[in-house]
Number of protein chains: 2
Amino acid sequence: MPCQEEFIHEIYRVSMKRITIKDIARLAGVSISTVSRALHDHPDLSSDIIQKIKSIADEQHYIPNTTALNLKSKNSKLIALIVPEISMFYIPEIIKAVSELSLKNGYRLLILSSDENSDKEIENIKISIQSGVEGILVSLCNNSRIQDHIQSLLDLGISLVLFDKTVDHPMVDTVTIQDELVAHEAIQFLSDHQCNPILCVLGNPGLSITQARKRGIEQFAQKKSDLDIQFCFANNSFEAKHNTKKFLQSNQSINGLFLMSDEILLGVSELFRQSSSVSGIRQVITISEGWLPNLIEFPLHFYVQSGKEMAHSALDLLFQKIKSSQENLSAQHRIIPLELRKNSFCDLDEV
Amino acid sequence: MPCQEEFIHEIYRVSMKRITIKDIARLAGVSISTVSRALHDHPDLSSDIIQKIKSIADEQHYIPNTTALNLKSKNSKLIALIVPEISMFYIPEIIKAVSELSLKNGYRLLILSSDENSDKEIENIKISIQSGVEGILVSLCNNSRIQDHIQSLLDLGISLVLFDKTVDHPMVDTVTIQDELVAHEAIQFLSDHQCNPILCVLGNPGLSITQARKRGIEQFAQKKSDLDIQFCFANNSFEAKHNTKKFLQSNQSINGLFLMSDEILLGVSELFRQSSSVSGIRQVITISEGWLPNLIEFPLHFYVQSGKEMAHSALDLLFQKIKSSQENLSAQHRIIPLELRKNSFCDLDEV
DNA sequence: CTGTTAGCGCGTTCAC
DNA sequence: GTGAACGCGCTAACAG
C-alpha cells in the first residue's frame, strides 16, 4: 500500500533520526549489546543470529556513530594539517598526499590555513585542540610564534610534527629537505658549468627556507671567492618576473640562474620566451615540485622536491608518535633527499 | 618549591589526561552541574562562585570536549567539502574560500577528494556521514553515481549543495556558472573577430561541464552554418599541448582558439612561444580562474570564473539549508555570472 | 550464548 | 542556590 509506505517514509524524514544499534535491537528483538557483538563478529554468537542482525542493519542503512565511538575510545581519529597558506604550488600536492594516507589509516583530516599570519596559526592550533585532534602536522608560516605553544601541545598529549618550514625545538620532530645543501649544490652546478655572474632569485627573505637556501649559497661563495653572486627576492610570480627582468637588463653579463621555487620559476619562465632577455643565460637550475619544469620549453635542471614524499614521511612520523604516545624524548629529524633532474627540453637540446 | 611543582607537572604529562568539568568540580569542591552552570554563566549562580570556578578552569587549561558536546547536542558544527580531485587549478581557490568562510561561521571543515573515482566519491559521502557532518558541499567527479544516494542523504537530514560540476535532481540545490551560455558567447566573440576555422580545446569529454560547454558551442554553430568548428580534447596540460600542436600543424588555416580551462591554457601556452605554431591565430579566448592569463605573454581574452565567489555562494546556500533544515522543498539553483576580461598583454598590444 | 550495568564528558531536568 | 540523576550512542565487564 503506497500510501502507508509514504507515510512511514514521511515520519522517517521528519524525524531525521539516524538508525542506532538501539533501533536495530528493537527490530531484531534482542538486546543492544547483542547487536553490538553481532556487528563486531563476536565469537560467542551463533553465526545465524549474526547474519540476521547484520542483514537488518544493512536494510536500515545503519551507520555507526563516530562521535559516540570517539567519546568512548577517547581518541578522535582526527588529525590536523596546518599549512602556511593555500597556494597553487606544492600545497595541493601535500594536501592530497596527507589526505589520502590519513584516510587510509582510518584518520580523518582537518585542514587549516594560516594565511601567513602567525596569529591565525595559533588560532588554528587552538581549533585543532578543541576539535580533539590526536596529532598536528604543521608547516610554519613566516614569523611563526609557535615556540611558545609547543610545550602546551605536548602537555596535552597531542603529537606534533613540523615539516618543510620548521623551527628548532628539542622536543619536536621535523621533516625537511636539505635546504642548505641543495642550494649549495645548485650553485656548485652552475659554477661547474662556467656560469660566473650568477643571479639567485629567492622567495620572501623572512622565510626560514629562504634563509637556509641563502646560507647554502653563501657557504659555497666563501669557498670560491672569484664567483660573483647576486640576489633578488620575490614574494610571488609577478614579482619574480619583473624583478628578474629588471635585474637582467641592468646586469647583462649574468649567465647562470638559480630559482628557489616553482612559484618563482613560473614568473621567470615568461622571460624565457623573449629570447632577448635571457640570451646570455647558460644554465638555469631550480627547486621544484616536479611538474612545472617539463612544461617549460627552455632547458633547465631542477631538484625535485616531492610533496608526496615529504607528506608521507611526516605523516608516518606523526602516526608513530601517536601510537607510542609515551615520552619518546628524542625528537626525530628526517631529511628528504632531493634528486637532480633535467626537463624534457634539455634532452631535445642534446639531440 | 620547584621540585614538587615539577613532580605535579610530570604526573600531568604522564597521565596526559584532559581536564574535565569533573576535575574542576573536585578542585572547586562543588558538583559537576554547578561547574557546568558556572561555565555557562547561569543566572542562578552567585557571581563570585562563577568567577572562582572560571578562574580555576583557566588555571587548569580546561578545554571543553567537543566530542561529548557533539554527542549530546547532535550537531557537530562540521561540514564536508568533496572535490573531484586535488589539482593545481581552481580547487585550491575553492578550498581556501570554503575553509575560511566555514571557520568564520563556527564550522570546521572536512575536505575529501574523490580522485575522479565515483566509488571513492560515494565512500567520501559515507565518511562524511559517519563523521556526523551537518552538510556536504560536492563538486561531482566524472561519471558520478551520486544520484542513487541523494535521497538517503536528504533522509538523514544532511544538507547537500552541488557546485560547479553538478547533476539535475529535484531536491538538490546547485551553484554553477553559465557553462552553455559562456561557451556560446566565447564562440560568438571569436566569430565576431573574423575567426573562421575555430579550434575548441576541451577537457575530458565525459565531464558534465565539458558537455555543457560543447553544447553551447554547437548551439552557436547551428545559427551560423558557415562557421567551421573543430574540437580536440585533453585530460591534462600535457595532452592539451600536444594535441593542440598536432591539430594546428595539420590544420594551418585555423585562426581562432577556444580553451576551456586553465589547465588547458597552461599546456597550450607553451605553443605561444614558438611563434611558428600559432602564427595564424588571431584570437584566443578561455575560461579561467583569473590568475594564469596575466602571466602569459600572448594577447588573450578570458571569462573569469571566480572560485571564491562560487565557494561563497555554495556555502551560503548550505548554511541556509542547515539552519532551516525543515523541508524547503524547492531546490535553489544559483548561477554565478562570469566577466569577460583581457590579459595585460592585450593592452600592450593596443598601445 | 545473551542480557544487565556502568561509564566516556557533558548539559539539563527535577528535586531538595 | 545546588546536587543527583538521566541520557546522547556505544563498548565492555560482569552476570546469568
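Letters A, B, ... mirror the listed sequences (proteins, then strands); counts begin at 1.
- Note: CD1 (B/Ile24) to P (D/dT2) measures 16 Å, nearest angstrom.
- Sorted by residue number, the list of members of residues 48-56 of chain A with any non-hydrogen atom under 4.0 Å from DNA chain D is empty.
- For the pair A/Asp23 CG and D/dC8 C1', the computed distance is 13 Å after rounding to whole Å.
- Residue A/Lys74 has no polar side-chain atom (N or O) positioned under 4.0 Å from OP1 or OP2 of C/dG7.
- Both B/Gly29 and B/Leu71 lie near DNA chain D, and the one whose nearest nucleotide falls closer to the 5' end is B/Gly29.
- Per the geometry, CG belonging to A/Leu45 stands 5 Å off P belonging to C/dT2, to the nearest Å.
- As a whole-Å value, the separation of B/Arg26 CZ from C/dC10 C1' is 17 Å.
- When rounded to the nearest whole Å, the span between CG of B/Leu39 and P of C/dC10 equals 9 Å.
- When the ring-ring contact (aromatic ring centres under 6.0 Å, His included) test is applied to B/Tyr62, no partner is found at least two apart in sequence or on another chain.
- For A/Thr174, the side-chain hydrogen bond (donor to acceptor under 3.5 Å, both in side chains) partners at least two apart in sequence or on another chain are A/His333.
- For residues 122-141 of chain A, there are no ring-ring contact (aromatic ring centres under 6.0 Å, His included) pairs, not counting sequence neighbours.
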For this session: Give the C-alpha distance, both sets of side-chain angles, the deciding distance and a yes or no for salt bridge (Lys or Arg N to Asp or Glu O under 4.0 Å) between A/Asp44 and A/Arg37.
Result: CA-CA 8 Å; A/Asp44 284 0; A/Arg37 283 192 273 251; over 6 Å; no
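- Scored by the side-chain hydrogen bond (donor to acceptor under 3.5 Å, both in side chains) test, B/Ser73 finds B/Asn75 as partners (sequence neighbours excluded).
- Legend: salt bridge (Lys or Arg N to Asp or Glu O under 4.0 Å) pairs involving residues 117-130 of chain A, not counting sequence neighbours, sorted by first then second residue: A/Asp115-A/Lys120, A/Asp119-A/Arg145.
- The CG-P distance, from B/Asp41 to C/dT12, rounds to 13 Å in whole Å.
- Identified under the ring-ring contact (aromatic ring centres under 6.0 Å, His included) test for residues 23-54 of chain B, with sequence neighbours left out: none.
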Please table the atom pairs, donor to acceptor, closer than 3.5 Å between any side-chain atom in residues 161-172 of chain B and protein atoms at least two apart or in another chain.
unit_1: B/Asp164; atom_1: OD1; unit_2: B/Gln305; atom_2: NE2; d: 3.2
unit_1: B/Lys165; atom_1: NZ; unit_2: B/Glu116; atom_2: OE2; d: 3.2
unit_1: B/His169; atom_1: ND1; unit_2: B/Met171; atom_2: N; d: 3.0

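- End-to-end axis angle for the helix from C/dC1-D/dG16 to C/dC16-D/dG1, using five pairs per end and rounding to 10°, comes out at 60°.
- Note on residues 95-119 of chain A: pairs passing ring-ring contact (aromatic ring centres under 6.0 Å, His included), not counting sequence neighbours, are A/Tyr107-A/Phe319.
- Taking B/Leu103 as the reference, A/Leu112, A/Asn124, A/Ile127 meet the side chain to side chain contact (heavy atoms under 4.5 Å, CB included) condition, with sequence neighbours excluded.
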Exercise. What string of B, S and - do you get for nucleotides 10-16 of chain D, 5' to 3', when a contact is any protein heavy atom under 4.0 Å?
Worked result: BBBB---
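- Between B/Ile82 and B/Ser114 the shortest side-chain heavy-atom distance falls below 4.5 Å.
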